[in-house]
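One structure is given here, and the rest of the page talks about it.
Only this structure's heavy atoms are used, side chains among them; waters, hydrogens and symmetry mates stay out.
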Amino acid sequence: MNQTLIAAFLRQRAGSPARLVLALAFFVFPLLFLSFARGVGLAPLKTAAAFALFLGAGLIGQDVSSGTLQLLFARPVTRSEYALSRWLGAALGASCLAMVQIAIGVALLALHDEAPAARDLALFAGEQILSAFGTTSVLLLFSTLLPGVGDFLALFATGFVGQALQPAGALLKAPWLTRAGEEVGRFAGAGLELARLFAGGPVSWFEVVSYVSTVTLCLALGIAILNRRELSYATE
């Protein structure tokens with residue numbers, strides 16, 4: 001990982017007014033809801049995936065479209081180092097926003113005498129961190145294939161297809177189609193429901209392996225595609 005690349009990425013994202021407005025809206029509105037609602041718990045604070053989308057959209061595609069990538073690789077920076085640093089920067093940024101939001105949310109719940117148990121809080125926070133890292137890994141893969149913010153649109157379309165296939169499978173009485181929809185949806189929304197995973201029964205290792213394999217595969221394919229991409233260094 002390259003700390004300079006990670007810091008530069010976060011500064012770049014912080015300098016985008018549109019991203020800041022979207023991130024601020026998803027940061028503030030759930031907290032406002034908690035200020036007035038009762039008995040909702042931490043559910044409104046499931047925003048890590050949204051933060052990852054706002055920070056990660058155009059993770060690599062925007063640099064390709066703007067020509068920044070050609071200038072960057074003229075320096076002693078490997079493509080794998082660049083890709084992993086961008087992924088880590090987006091995931092850490094989204095995770096930090098989610099953790100700060102959760103901390104404020106817990107304080108608001110405590111004012112209503114509804115503070116969650118330490119175990120529930122830890123599991124919820126872990127879910128949000130895993131969601132941030134999972135979402136950004138899928139974005140990284142799509143971003144090596146599509147220019148600009150096409151990765152965001154591709155992720156949205158993939159999630160939509162996954163949601164559409166499940167009722168279609170039930171309607172057509174095709175279990176394979178329903179299962180395909182579940183797998184596509186699991187890929188688009190890469191994450192782990194830790195509260196359900198550690199609810200007291202046997203641990204579903206399938207879900208754990210599925211999450212880990214999704215993140216690993218997306219990173220590996222993203223790096224492989226980026227390594228094979230031909231970049232023109234000629235000036236027009």
Separation between [atom1] of [X] and [atom2] of [Y], rounded to the nearest 0.5 Å:
X: Leu97; Y: Leu92; atom1: CG; atom2: CG; answer: 11.0 Å
X: Ile225; Y: Thr144; atom1: CD1; atom2: OG1; answer: 4.0 Å
X: Ser131; Y: Leu194; atom1: OG; atom2: CG; answer: 10.5 Å
X: Leu171; Y: Leu177; atom1: CG; atom2: CG; answer: 10.0 Å
X: Leu219; Y: Ser80; atom1: CG; atom2: OG; answer: 11.0 Å
X: Ile102; Y: Lys46; atom1: CD1; atom2: NZ; answer: 11.0 Å

Name all pairs fulfilling the salt bridge (charged side-chain N to carboxylate O under 4.0 Å, His left out) condition that reach into residues 62-74, sequence neighbours left out, sorted by first residue then second.
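Non-adjacent pairs meeting salt bridge (charged side-chain N to carboxylate O under 4.0 Å, His left out): Asp63-Arg86.
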Any ring pair (Phe, Tyr, Trp, His ring centres under 6.0 Å) involving residues 138-195? Give me the pairs, sequence neighbours left out, ordered by first then second residue.
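Of all non-adjacent pairs touching residues 138-195, none passes ring pair (Phe, Tyr, Trp, His ring centres under 6.0 Å).
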Quick check: is [Y] connected to [X] through a chain of hydrophobic side chains (ILVMFWY, heavy atoms under 4.5 Å apart)?
X: Trp87; Y: Leu217; answer: no
X: Val215; Y: Leu53; answer: no
X: Leu22; Y: Leu20; answer: no
X: Leu109; Y: Phe124; answer: yes
X: Leu139; Y: Leu10; answer: no

Of all the heavy-atom pairs spanning [X] and [Y], show the shortest one and how long it is.
X: Ala52; Y: Thr136; result: CB-CG2, 3.7 Å
X: Ala83; Y: Ile223; result: CB-CG1, 4.1 Å
X: Ala90; Y: Leu55; result: O-CD1, 3.9 Å

Which residues satisfy the side-chain contact (heavy atoms from CB on, under 4.5 Å) test with [X], sequence neighbours excluded?
X: Gln101; answer: Phe27, Pro30, Leu31, Leu45, Thr47, Phe51
X: Arg228; answer: none
X: Leu146; answer: Ala154
X: Ser143; answer: Leu59, Ile60, Asp151

Under a single-linkage rule joining Ile, Leu, Val, Met, Phe, Trp and Tyr whose side-chain heavy atoms are separated by less than 4.5 Å, which residues share a cluster with Val209?
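Joined to Val209, directly or through intermediates: none.
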Who pairs with Gln62 by side chain to side chain donor-acceptor pair (under 3.5 Å), at least two apart in sequence or on another chain?
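Checked Gln62 against side chain to side chain donor-acceptor pair (under 3.5 Å); matches are Arg19.
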Could you please spell out the steps behind the side chain to side chain contact (heavy atoms under 4.5 Å, CB included) verdict for Leu155 and Thr135?
CA-CA 9 Å; Leu155 184 59; Thr135 300; 4.0 Å; yes
Validation row: Val184, Gln163 side chains within 4.5 angstrom (heavy atoms)
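SC-SC contact between Val184 and Gln163 ruled out.
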Side-chain heavy-atom pair Phe133, Ser95 within 4.5 angstrom cut-off:
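With C-beta onward as the side chain, the pair touches.
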Could you walk me through whether Leu84 and Leu88 pass side chain to side chain contact (heavy atoms under 4.5 Å, CB included), step by step?
CA-CA 6 Å; Leu84 291 175; Leu88 189 59; over 6 Å; no
Got a sec, which residues hit salt bridge (charged side-chain N to carboxylate O under 4.0 Å, His left out) with Glu182, two or more places apart in sequence or on another chain?
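Once residues adjacent in sequence are excluded, Glu182 has no partner under the salt bridge (charged side-chain N to carboxylate O under 4.0 Å, His left out) criterion.
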For Glu183, salt bridge (charged side-chain N to carboxylate O under 4.0 Å, His left out) partners two or more places apart:
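In terms of salt bridge (charged side-chain N to carboxylate O under 4.0 Å, His left out), with neighbours along the sequence ignored, Glu183 is linked to Arg179, Arg186.
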Would you check, one step at a time, whether the test side chain to side chain contact (heavy atoms under 4.5 Å, CB included) holds for Asn227 with Thr78?
CA-CA 9 Å; Asn227 282 333; Thr78 65; over 6 Å; no
For Tyr211, enumerate each residue passing the ring-ring contact (aromatic ring centres under 6.0 Å, His included) test, keeping only those at least two apart in sequence or located in another chain.
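If we apply the ring-ring contact (aromatic ring centres under 6.0 Å, His included) test to Tyr211, skipping adjacent residues, there are no hits.
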Quick one: ring-ring contact (aromatic ring centres under 6.0 Å, His included) partners of Phe54, sequence neighbours excluded?
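In terms of ring-ring contact (aromatic ring centres under 6.0 Å, His included), with neighbours along the sequence ignored, Phe54 is linked to Phe26.
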